[in-house]
Amino acid sequence: MKSIGIHSIVRRALSLACVPLVAGGLLVAQQPPPPAPPGQASAPRLSPQQLDTLVAPVALYPDKLLGQVLVACTYPLEIAEAAQWLQRNSNLQGTQLVDAARQQSWDPSIQALVVFPDVLTRLSSDIRWTTDIGNAFLAQQAEVMQAVQRMRAQAQASGKLRSNGQQTVTTEQQGDQSAIDIAPANPEVVYVPYYNPQYIWGPPAYGYYPPWDYADIGYGFGYGFGPGIYIGGFFGGLGWGGWGWGPNWFRGGIFLNGGFFGRYGFGGRGYFGGGLWAHDASHRLGAAYSTRALNSRYGATSAASARSAYAASARTNAASRASVAQSGGWSRFGGQNGASRSTSAASGGSAYRGGSSYGGSRATSGYRSSPSYSGGGGYHSSPSYHGSVASHSSGSVHSNSSSSVHSSGGSSHSSGGGFHGGGGHGGGGHR
């Protein structure tokens with residue numbers, strides 16, 4: 001079966017040998033990268049300024065969503081697969097969507113991310129940036145979280161981060177340390193901020209901002225919110241206080257709410273018990289790690305998962321070809337080649353175009369040949385950093401406050417271990 005446009009895109013972004021997309025929509029690494037040769041240097045640690053630029057596009061997300069995104073970005077190939085799966089299953093809504101996603105083989109952080117389709121689309125639109133932030137989080141977890149706090153403090157000082165109808169911004173104190181928390185104003189309805197990092201912090205000093213589409217924000221505004229997402233419509237009786245991932249700013253880690261995974265059927269090694277999150281290399285699918293230490297710790301498991309996934313995809317592909325042969329060829333009835341429902345993308349063009357009806361995302365600009373924070377995700381003596389000016393937002397301001405928001409009782413408002421709830425009511429729109 002022929003590979004599609006995503007083949008060359010993810011290959012360049014992740015330094016993989018070959019990434020085909022087969023009949024079942026499974027994205028796999030055909031030839032996992034070998035461990036670094038002895039004596040070869042790993043990518044150097046990123047400086048605070050470099051980390052600031054890297055985290056800027058997601059630094060103002062609500063705390064628990066940010067924690068989930070940081071975890072999910074350590075599995076970039078599964079993010080790419082999930083985004084295409086979501087496009088093919090745009091008819092699924094509410095609990096049906098969650099149930100279907102839970103049957104996929106992805107890490108729970110990605111299974112549950114289908115609830116936030118705009119976020120999933122953004123992460124898949126620039127796999128290089130997504131891989132870079134995931135690698136940075138694995139190698140410098142506490143420093144990445146410190147970078148988030150620095151960027152939030154700057155945004156708050158300039159008046160661009162504040163409480164409103166969609167979010168509550170508070171300061172948490174522990175001894176002589178403080179942290180800025182962001183939570184939904186209404187714990188049953190989550191609004192994802194939609195902003196141009198250049199509007200908040202200016203041009204990037206290092207690296208680049210991912211080329212997400214900021215046109216709908218409106219030039220001169222630069223900060224808005226997507227439609228409100230009623231969590232109870234996907235997870236019955238759940239409020240944001242019971243979400244599965246949450247940062248503990250003072251310990252520099254992501255804590256898991258074991259009750260979330262047990263109640264809603266999300267499994268995975270170490271998830272049901274809760275506690276501190278740990279990377280599961282079986283979901284890495286052979287994508288290169290940025291340091292020798294990470295490769296030594298996770299590389300063998302990651303490579304094994306790639307081989308297993310490739311073997312499974314080969315069996316699926318063979319079964320699809322047999323089915324086509326038995327039916328006399330679906331193409332004569334208007335079907336696509338084999339059983340694949342994936343849409344081909346032109347080489348070098350946008351591989352993740354489209355979107356879903358859930359969030360109206362337009363952030364589908366695809367892969368760009370932008371400088372990488374980690375030198376391409378493999379083992380390089382030094383990464384390339386180029387100060388590039390992010391595109392200005394333009395276009396008229398759209399109101400996004402018309403999404404359906406429902407009230408529901410029985411939501412969980414538990415907090416602890418770095419999890420924080422919120423109160424009040426949300427409204428939507430731009431500021």
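- If you look at F261 and W245, their ring centroids are closer than 6.0 Å.
- Proximity of a side-chain donor or acceptor of S125 to a complementary backbone N or O of R122 within less than 3.5 Å is detected.
- Sorted by first and then second residue, the ring-ring contact (aromatic ring centres under 6.0 Å, His included) pairs involving residues 153-178 (not counting sequence neighbours) form an empty list.
- For the pair Q156 (side chain) and L161 (backbone), a donor-acceptor distance under 3.5 Å is absent.
- Checked by atom type and distance alone, the side chain of Q167 pairs as donor or acceptor with a backbone atom of R162 at under 3.5 Å.
- Applying the ring-ring contact (aromatic ring centres under 6.0 Å, His included) test to residues at least two apart or on different chains, the pairs with a partner in residues 137-165 are F137-W277.
- P247 is listed as a side-chain neighbour of M145, based on a closest heavy-atom distance under 4.5 Å.
- Using a 4.5 Å cut-off on side-chain heavy atoms (C-beta onward), I200 and N196 make no contact.
- Every side-chain contact (heavy atoms from CB on, under 4.5 Å) that A100 has, sequence neighbours left out, goes to W85, L92.
- The shortest heavy-atom contact between P184 and W240 is CD-CD1, 3.0 Å.
- For the residue pair F234 and I229, the shortest heavy atom distance occurs at CE1-CG2, 3.7 Å.
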Assess whether side chain to side chain contact (heavy atoms under 4.5 Å, CB included) is satisfied between I79 and L120, documenting all intermediate values. CA-CA 7 Å; I79 283 179; L120 185 56; 4.1 Å; yes
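- The distance from the CD1 atom of I133 to the CG atom of L54 is 4.5 Å, given to the nearest 0.5 Å.
- Of all heavy-atom pairs between H283 and S105, the closest is CE1-O, 3.1 Å.
- Put simply, the side chain of T301 does not reach to within 4.5 Å of the side chain of R284, judged on heavy atoms.
- Between the Q149 side chain and the A179 main chain, no donor and acceptor come within less than 3.5 Å of each other.
- Under a 3.5 Å cut-off, the side chain of S302 and the backbone N or O of Y298 do not form any donor-acceptor pair.
- Pairs of residues two or more places apart, or lying in two chains, never qualify as salt bridge (Lys or Arg N to Asp or Glu O under 4.0 Å) while including a residue from residues 252-261.
- To the nearest 0.5 Å, atom CG of residue N257 and atom CZ of residue R263 are 10.5 Å apart.
- Annotation: side chain of N186 is not in contact with side chain of Y191 (no heavy-atom distance under 4.5 Å).
- Looking at D63 and W249, their side chains do bring a donor and an acceptor atom within 3.5 Å of each other.
- For R297, the salt bridge (charged side-chain N to carboxylate O under 4.0 Å, His left out) criterion is met by no residue, not counting sequence neighbours.
- Side-chain N/O atoms of Y208 and D126 include a donor and acceptor closer than 3.5 Å.
- Counting all heavy atoms, side chain and backbone alike, V115 lies closest to P117 at O-CD, 3.1 Å.
- When every heavy atom of P193 is checked against every heavy atom of Y223, the shortest pair comes out as CB-OH, 3.8 Å.
- For W243 and F235, the ring centers sit closer than 6.0 Å to each other.
- Looking at residues two or more places apart in sequence or on another chain, you find no side-chain hydrogen bond (donor to acceptor under 3.5 Å, both in side chains) involving Q154.
- The side-chain tip of R102 points at the ring of F266 from less than 6.0 angstrom away and within 45° of straight on.
- Atom OH of Y194 sits about 13.5 Å away from atom CZ of F225, to the nearest 0.5 Å.
- Under a 3.5 Å cut-off, the side chain of Y289 and the backbone N or O of A139 do not form any donor-acceptor pair.
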Could you go through the side chain to side chain contact (heavy atoms under 4.5 Å, CB included) check for D280 and Y75 one step at a time? CA-CA 9 Å; D280 184 352; Y75 313 113; 3.7 Å; yes
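- Although no hydrogens or angles enter the test, the distance criterion places a donor-acceptor pair under 3.5 Å between the side chain of Q140 and the main chain of L46.
- Counting heavy atoms from C-beta on, the side chains of L86 and L97 come closer than 4.5 Å.
- Q141 contributes atom CD, which lies 11.0 Å from atom CZ of R251 (distance to the nearest 0.5 angstrom).
- Between Y264 and F260, the distance separating the two ring centers is shorter than 6.0 angstrom.
- Using a 4.5 Å cut-off on side-chain heavy atoms (C-beta onward), L123 and W129 make contact.
- Atom-to-atom distance recorded for L113:CG and L65:CG is 7.0 Å, nearest 0.5 angstrom.
- Taking the side chain as every heavy atom from C-beta outward, V192 and V119 approach each other to under 4.5 Å.
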Apply side chain to side chain contact (heavy atoms under 4.5 Å, CB included) to residues Y61 and V58 and explain how you reach the verdict. CA-CA 5 Å; Y61 279 15; V58 295; 3.8 Å; yes
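- Side-chain N or O atoms of S124 include none that pairs as donor or acceptor with a backbone N or O of A80 at under 3.5 Å.
- Between the side chain of S308 and the backbone N or O of A304, no donor-acceptor pair lies under 3.5 Å.
- Under a 3.5 Å cut-off, the side chain of E172 and the backbone N or O of D181 do not form any donor-acceptor pair.
- With values rounded to the nearest 0.5 angstrom, I180 atom CD1 is found 5.5 Å from T171 atom OG1.
- Between C73 and the options V71, V69, L70, a side-chain contact (heavy atoms from CB on, under 4.5 Å) holds for only V69.
- When all heavy atoms of A287 and P76 are compared, the pair lying nearest together is CB-CG, 4.3 Å.
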